[in-house]
Each structure stands twice: as C-alpha cells, then as structure tokens.
Amino acid sequence: MSFHLQPATAPTAILSALAQEQHGLIDLLQQPRKLSHAGRDFWLGELHGQPVVLALSKIGKVAAATTATALIERLGVQRIVFTGVAGGLGEGVSVGDVVVATDFVQHDLDASPLFPRYEVPLYGRTRFQADAALTALLFKAACAALASEPSGGQEAGAVQSFPGARVHQGLIASGDRFVSGAEESRVLRDALMAAGHPVLAVEMEGAAVAQVCQDYGLPFAAVRTISDRADDSAHIDFPRFVDEVASRYARLMVEQFLKTL
Ligand code: ADE
C-alpha cells in the first residue's frame with residue numbers, strides 16, 4: 001500500500017518519543033485516519049485547520065531516524081516538529097522549563113582519532129541546525145503556552161506545577177543513553193563545553209531527526225520540556241513528569257504553534 005499524499009496537502013509531522021506525550025494530540029485530531037508502516041502507526045488528520053501526521057519516533061537515534069525517513073519517504077510530510085521531554089543539563093535549566101532547540105549534537109558520537117570527537121564522519125560537521133523560521137514560531141508558541149498556564153506554568157488542580165517556568169533557546173545533545181546521574185551529567189556537560197558546545201538539555205532522538213531532515217532538505221524544529229535534571233533522581237522524575245505533565249504541555253505547545261503556522 002502506498003501512503004503518498006498530494007503535494008498541496010503535504011502535512012506537518014508532529015513527532016513525539018512516547019505515547020504519553022502524544023495522547024493529548026490524538027484526542028484533538030479531526031478526521032483521524034491511522035496508517036501503519038515500518039512497525040509504526042501514523043495518525044493523519046487536521047489540527048486547527050492544518051493537515052498533520054502524528055507519529056511516535058520511538059526511543060533512541062536509530063528508531064527516530066527510521067520514523068523520520070518513513071514520514072518523508074512514505075507520507076510526504078513538508079516539515080517535522082518534535083515535541084517531547086529532555087533532561088536539563090545547562091545551568092538554570094529546571095524541571096518544568098522548556099528548551100527550544102537551535103541546533104543538535106550527538107554526545108555519544110566519537111570516531112576519534114579519525115575524526116574530531118562529536119563530528120559526524122563524512123558530513124564534515126558536528127552540529128545540525130534547526131530551521132530558523134520554524135524555531136522562531138516554536139519559541140513564540142512555547143512562551144504563549146507557558147503564559148496560558150495560570151501563575152506561569154501552574155494549573156489549578158495540576159499534580160505538578162511550575163511557577164516561574166522559563167523558555168530557553170539553544171543547543172540540545174542527543175545520544176543513546178538515559179542520563180541519570182549527577183556525576184555522569186557533569187562529565188557529559190563539561191566535555192561538550194570544553195569542545196565548544198554549550199549544551200542546555202539532553203535527550204535521545206533530536207540530532208538523528210535533524211540529520212535525516214538535513215539529508216532530505218526538510219525543515220525541522222524541536223521543543224522539549226524539562227522532565228528531570230539528568231541527575232541521581234532522573235529515573236524517578238522522568239516517568240512522573242511523563243505521566244502527569246508531558247501530554248498537557250505537548251498539546252498546549254502544538255496548538256499555539258499550529259495557530260501561527
Ligand atoms: N529525556 C528526558 N530525560 C532524559 C535524560 N535524563 N536522559 C536522556 N534523555 C532524556
């Protein structure tokens with residue numbers, strides 16, 4: 001079966017890593033239609049009058065690259081936007097804050113001494129940029145989303161609330177590792193910093209999707225809510241945040257974004 005769409009209706013792909021992050025979006029989808037391909041479900045429909053495909057990247061760089069490739073090759077999407085959660089690495093990047101990516105680095109890529117540490121071999125580059133125009137829209141959407149939460153990230157009756165939550169913009173590091181130790185996260189941050197990469201947050205997919213989008217010449221942008229500080233309590237903070245907060249944040253962010261698209 002071929003899922004190619006007409007170019008005039010080429011949708012925006014909204015990617016999430018986890019089902020919990022996606023639930024709120026599927027609930028909002030108008031005229032939902034599910035297609036299955038490559039072991040993945042793709043939800044087509046409309047959100048705020050825009051054609052969209054909702055998909056799960058799954059977890060890790062390879063899975064995310066496969067999903068991105070399927071979205072481009074089989075579903076003909078015109079842009080990809082990632083909404084998900086990340087561990088805070090930068091100073092002052094706290095749980096409940098939001099990081100909009102300007103660019104991405106793979107923190108676990110090391111082909112030295114053949115290539116400089118972190119450089120993607122045969123690409124001659126270490127970082128992949130997010131699309132500037134999409135990123136500017138996402139930043140505005142993230143600010144509006146947080147402002148729409150009473151008391152800046154606080155919602156009456158919410159299990160977790162984040163008064164004073166902030167929106168940051170900067171470098172996100174991706175790798176095939178859940179970073180869950182204060183010492184581990186310090187070593188990761190310091191090594192990236194020493195190589196000239198001032199990282200704000202760590203996750204497991206963004207740089208892979210950015211590289212695929214670069215290969216295909218497709219705009220990509222990502223917004224990540226901070227679920228944990230990638231420290232000794234990350235394994236407790238992460239699932240709690242994902243279950244209680246991530247879906248609401250994703251919905252708020254995507255709705256604000258699509259309204260301005
Ligand atoms: N996504 C959310 N928190 C993370 C962490 N601590 N490490 C990697 N990916 C994450």
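Counting starts at 1 for both ligands and their atoms, following the listed order.
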Exercise for review: Could you tell me whether Ser227 approaches ligand 1 through its side chain, its backbone, both or neither, with non-hydrogen atoms closer than 4.0 Å?
Suggested key: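 Looking at Ser227 and ligand 1, just side chain atoms fall under 4.0 Å.
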Practice item. Check the side chains of Ser112 and Arg117 for a donor-acceptor pair under 3.5 angstrom, ignoring hydrogens and angles. Key: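 Result is no, nothing qualifies.
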**Study point:** Exercise: do Tyr123 and Gln211 side chains pair donor with acceptor under 3.5 Å
**Key:**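 Yes - a donor-acceptor pair under 3.5 Å links their side chains.
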Check your understanding: Looking at the rings of Phe82 and Phe104, which for Trp means the six-membered one, are their centres under 6.0 Å apart?
Key ->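 That pair fails the under 6.0 Å test.
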Review point. Do Phe220 and Phe128 have ring centroids that are under 6.0 Å from one another?
Key: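 Distance test on ring centres: not under 6.0 Å, no.
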Review point. Does ligand 1 have any atom sitting under 4.0 Å from a heavy atom of Arg224?
Key: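 Arg224: no contact with ligand 1 (<4.0 Å).
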Practice item. Would you mind running through ligand 1 and noting each atom that sits below 4.0 Å from a heavy atom of Phe238? Key: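 Near Phe238, meaning under 4.0 Å from one of its heavy atoms, ligand 1 has 2 (C), 3 (N).
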Review point. Has ligand 1 got any nitrogen or oxygen that is less than 3.5 angstrom from a nitrogen or oxygen of Ala230?
Key: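 In this structure, Ala230 places no N or O atom under 3.5 Å from an N or O of ligand 1.
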Identify the closest protein heavy atom to [atom]: which residue and atom is it, and at what distance?
atom                    : answer
atom 9 (N) of ligand 1  : Glu203 CA, 3.4 Å
atom 8 (C) of ligand 1  : Arg177 O, 3.5 Å
atom 3 (N) of ligand 1  : Asp228 OD2, 2.7 Å
atom 4 (C) of ligand 1  : Phe178 CE1, 3.4 Å
atom 10 (C) of ligand 1 : Val202 O, 3.6 Å
atom 7 (N) of ligand 1  : Val179 N, 2.9 Å

**Study point:** Path from Leu25 to Leu137 over hydrophobic side-chain contacts below 4.5 Å
**Key:**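 Hydrophobic grouping puts Leu25 with Leu137.
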Review point. Considering all heavy atoms of both residues, which atom of Ser57 and which atom of Ala17 are nearest to each other, and what is their separation?
Key: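 For Ser57 versus Ala17, the nearest heavy atoms are OG-CA, 3.3 Å.
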Exercise for review: Have a look at Glu205 and tell me which of Arg224, Lys58, Lys61 forms a salt bridge (charged side-chain N to carboxylate O under 4.0 Å, His left out) with it.
Suggested key: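 Looking at Arg224, Lys58, Lys61, the match for Glu205 under the salt bridge (charged side-chain N to carboxylate O under 4.0 Å, His left out) is Arg224.
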